[in-house]
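These notes are about the structure you will find just below.
Proteins get letters first, then strands, A, B, ... in listed order; numbering begins at 1 in each. Only a predicted model underlies this, so the values are computations on that prediction, with no experimental measurement involved.
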Amino acid sequence: MTAEGYAMKKYRPQDIEVKWQSFWEKEGYFKVSEDRFKEKYYLLEMYPYPSGKIHMGHVRNYAIGDVVARYKRMRGFNVLHPMGWDAFGMPAENAAIENNTHPAKWTYDNIDYMRSQLKRMGFSYDWGREIATCRPEYYKWEQLVFVRMFEQGLAYKKKTFVNWCDQCQTVLANEQVVDGCCWRHTDQEVVLKEMDSWFLKITDYVKELLEYCDKLPGWPERVLTMQKNWIGESHGAILRFPVVDSDHVIETFTTRQDTIYGATFLCFAPEHPLVRELTRGYPQEKEVDEFVERTLKVDTFMRTADWTVKEGVFTGRYCLNPATGEEIPIYVANFVLYEYGTGAIMAVPTHDQRDFDFAKKYGLPLRVVIKPPDTDLPEDEMTEAYVDEGVLVNSGPFDGMPNMEALDSIIEYLEKKGMGYKTVNYRLKDWGISRQRYWGAPIPIVHCPECGEVPVPEDQLPVVLPLDLDLKEGGKSPLPFAPSFYETDCPRCGRPAKRETDTMDTFVESSWYFDRFASPRYDEGPFKKEEVGYWMPVDQYIGGIEHAILHLLYSRFYTKVLRDMGYLGIAEPFTNLLTQGMVCKETFRCREHGYLYPEEVKDGRCTHCGKEIEIGSSVKMSKSTRNVIDPQDLIDRYGADTVRMFCLFASPPERDLEWSDEGVEGAWRFINRVWRFIEENRELLSRMMPYDGLQEIPPDLRDIHRKTHQSIKKVTEDIEDRFHFNTAISAIMELLNTVNQFLNTNDEITEVAWSVIKEATEIMVVLLHPIVPHVTEELWAALGHEESLAKVPWPEYREESLAKESRLIVIQVNGKLRSRIEVPVSLTEEEIRKKALADERIQRFVADKEIKKVIVVRNKLVNVVV
RNA sequence: GCCUGGGUGGCGGAAUUGGUAGACGCAAGGGACUUAAAAUCCCUCGGUCCUAGUGGCUGUGCGGGUUCGAUUCCCGCCCCAGGCACCA
């Protein structure tokens with residue numbers, strides 16, 4: 001019992017959080033629709049894969065997003081803040097095998113549980129727009145878009161060498177291969193396999209994708225750099241090498257056409273179709289076949305790793321160097337990539353290190369064609385290739401020309417002779433979307449023996465993924481074994497035909513889900529034009545840096561395709577992008593039991609064997625290193641507000657977040673401090689009117705008032721300009737400290753003082769609301785308000801309230817801090833200079849020395865140079 | 001090897017435009033309250049030296065430079081993290 005005679009309420013998050021969550025939901029606060037009279041703001045966080053339960057990475061990502069969503073609402077924006085599920089994918093199949101359940105059941109159960117967890121966190125989503133990509137109502141439209149793309153030639157099938165994982169029994173995109181192994185099974189070496197696959201022609205859009213990298217000022221520079229490098233534009237030329245005793249001409253791509261006179265041999269990639277043709281009937285045929293077969297067994301990564309020995313074999317054939325007319329030998333080499341350029345290279349051993357290594361190994365001739373500026377370069381003394389600039393030699397009409405200038409001249413010369421042309425090459429490859437998996441969206445194509453590949457007509461979509469099938473042995477897809485699925489009639493000729501049994505890469509679903517959120521229930525097309533036109537593009541997208549390339553590049557591509565089909569009126573999906581860092585924690589390791597979960601460690605010892613544990617460095621939280629914290633435990637113990645506050649306070653979003661048990665405790669304590677402060681003074685505070693800044697008040701109260709308005713300014717700018725919630729929270733902590741200090745140091749608190757404190761208190765609660773929405777709603781009510789805090793507008797600071805009549809000036813001598821003086825802000829520079837020089841402590845330092853210079857920075861500092 | 005970030009107390013971090021280095025929080029130490037503990041509150045808290053002060057020196061990975069003044073800009077180097085991998 002306090003002096004006022006009522007029981008002080010203790011902060012019990014479990015009681016208040018669920019209460020406010022159901023209040024918001026009941027009132028429909030976060031439901032939105034198009035409103036021409038309000039400015040829209042589309043805030044999106046990357047939707048999760050429903051893996052079972054939410055993890056700290058989700059919590060951090062969504063806490064950041066929720067602050068922005070709630071803040072923008074308080075600022076009067078019409079905020080679209082949706083949530084959904086990236087619901088197709090392999091883990092569902094793996095779990096199905098392990099737990100003897102169906103991927104669909106596993107997925108939907110997980111969605112239900114994770115939705116309840118997200119709701120328990122108090123995130124302000126418009127749940128009425130929830131989507132799950134595994135529902136036919138969603139993938140129906142994806143199939144429709146695929147059909148359109150097929151009709152326009154943007155989706156096509158081709159035979160390719162693909163990365164094959166024996167464990168997944170599926171194809172992996174090149175990007176999904178990590179260290180030569182499957183990115184999901186890091187101990188499974190990926191093998192090359194020839195297979196029919198569906199591709200989307202992202203290369204048709206390569207120029208625009210690259211160009212627009214410079215038109216996305218709201219994206220982090222590093223993400224754009226990574227995308228540019230991934231696209232990999234390079235300017236060069238195609239050069240033609242006619243084969244001796246043959247009609248064939250080999251095309252090679254090079255960026256170094258200036259070195260053409262030094263090309264002394266040519267290399268094919270092992271996959272190149274001409275290899276077989278040119279060697280047929282030649283003595284080298286068998287040896288070449290063996291080499292190709294052997295090399296292709298090794299996957300691309302291993303084959304081309306820099307520590308792999310460069311190997312090759314002579315084909316027995318020769319071609320003509322288009323510049324010199326000389327006959328040069330043709331080789332097949334392991335380091336040449338079929339996927340890049342034309343799959344064949346001209347080799348200039350004197351000016352390319354790889355070619356040099358290869359030439360040395362097989363005793364091939366060297367010819368220097370670029371002379372270094374100050375020295376001669378005899379071929380027989382070279383120990384490495386000369387890759388720098390110089391002047392051309394041994395280059396016919398181009399002798400004496402600086403090599404960089406010759407780039408254009410040489411290609412013009414060869415072009416006239418019909419031996420080549422200038423071109424731009426890209427590293428980006430078409431997007432392979434075929435998956436030999438069950439749990440994905442079926443590719444809507446029918447294979448007819450008469451008509452070939454026929455798209456499923458629009459009125460027959462969706463091709464529903466049958467749920468009454470079970471995975472085959474080893475996790476293989478049941479679709480190719482299910483006549484009920486694949487047996488059909490050709491939509492064109494009506495004869496018996498077979499459905500495509502491949503399903504789509506889940507990156508396809510995530511390439512347009514943000515559009516679908518704008519009209520999630522529309523059933524006459526992928527989206528309703530007015531709705532998607534109102535909401536798109538996403539104003540702020542927030543997600544992990546790990547998606548910097550694939551997901552974001554595919555989404556950009558897909559947006560441009562949908563634009564060209566007339567569905568969208570925009571060129572880019574995400575105006576602003578925030579990439580947040582990872583959540584990290586130290587690892588615990590027992591000599592006997594390996595990595596341990598935090599709960600398996602007690603007093604620095606393993607709970608299984610009592611051995612002392614080793615504490616490893618802090619790395620990304622993951623199941624494999626077991627350094628994970630379950631957010632659910634924290635919610636149960638501290639409540640959602642504390643978890644949110646910790647995630648936001650511990651570090652700025654773009655940096656990695658260092659996990660700390662004590663840090664959570666600190667967030668909990670701060671919320672309790674705010675709670676206690678208001679509870680203890682509730683009686684007085686609730687009946688007091690907040691100070692409005694107009695009437696004259698004593699200086700110590702003016703300090704509190706000023707601090708209040710400084711806090712508004714600081715918190716607003718930190719959220720608005722840079723998402724630095726950690727410093728925003730610090731500012732609010734300082735405000736509370738200021739008020740507490742005042743109460744602790746003054747015995748008698750006047751009415752006016754209480755009204756100034758009331759203002760500070762209300763501002764504190766309002767500023768904290770986007771960060772810790774539940775406790776602030778409760779406190780807002782405790783302060784006597786009847787309307788929900790979620791409906792209160794964001795406060796504006798008063799410029800006049802920030803004004804100070806005096807200012808602290810620091811005085812330096814030779815750049816070293818020596819004294820501080822408080823001066824009225826009205827003082828001129830000259831007056832400040834005089835005051836500074838007159839300062840007693842400064843006098844001591846400059847006493848017998850000559851003053852050379854005095855620098856005055858108004859309202860900041862004086863530096864006396866002696 | 002290349003590209004991109006980063007390196008600040010015992011720890012997470014702050015210093016936003018070249019102007020008081022270490023805000024705010026955590027941990028630690030001391031004290032108050034308590035029968036006791038928890039909770040809470042108060043004080044100290046980069047290093048070092050002394051005459052103990054509104055003290056001196058030193059200090060933002062290392063070495064230089066520019067500047068009256070550098071965590072911030074420039075050059076060279078070291079270390080850490082992430083991405084890429086013979087790209088012709």
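Remark: A:Lys228 is not in phosphate contact with B:rC3, judged by side-chain N or O atoms under 4.0 Å from OP1 or OP2. The phosphate of B:rG19 (OP1 or OP2) has no side-chain N or O of A:Lys860 nearer than 4.0 angstrom. For A:Arg655, a side-chain nitrogen or oxygen approaches OP1 or OP2 of B:rA14 to under 4.0 Å.
Checking A:Asn672 against A:Ile549, the closest nucleotide of RNA chain B that is more toward the 5' end is the one next to A:Asn672.
A:Arg427 comes within 4.0 angstrom of a nucleotide base, judged by non-hydrogen atoms across all strands. If you check every strand for non-hydrogen atoms under 4.0 Å, A:Lys852 touches nothing. Residue A:Leu808 is in base contact, counting any heavy-atom pair closer than 4.0 Å across all strands shown. Contact annotation for A:Val810: base contact, defined as any heavy-atom pair under 4.0 Å involving a base atom. In this structure, A:Asn744 reaches the sugar-phosphate backbone alone: every heavy-atom distance under 4.0 Å involves primed, P, OP1 or OP2 atoms, never a base.
With B:rA14, B:rG19, B:rC86 as the choices, the nucleotide that has an atom nearest any side-chain atom of A:His724 turns out to be B:rA14.
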For nucleotides 46-55 of chain B, give me every protein contact, N/O to N/O, under 3.5 Å, one pair per line with atom names.
| residue | atom | partner | partner atom | Å |
| --- | --- | --- | --- | --- |
| B:rU54 | O2' | A:Arg841 | NH1 | 2.8 |

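Atom CZ of A:Arg844 sits in a crowded spot, with more than 12 heavy atoms from other residues, nucleotides or ligands closer than 6.0 Å.
For the pair A:Arg354 and A:Phe335, the cation-pi criterion (under 6.0 Å, within 45° of the ring axis) is not fulfilled.
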Practice item. Sugar-phosphate atoms are those with a prime plus P, OP1 and OP2; base atoms are the rest. Using that split, label each nucleotide of nucleotides 21-31 of chain B B, S or - for protein heavy atoms under 4.0 Å, 5' to 3'. Key: --BBSSS----
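The residues A:Glu822 and A:Arg807 are annotated as not salt-bridged, no charged nitrogen and carboxylate oxygen being separated by less than 4.0 angstrom.
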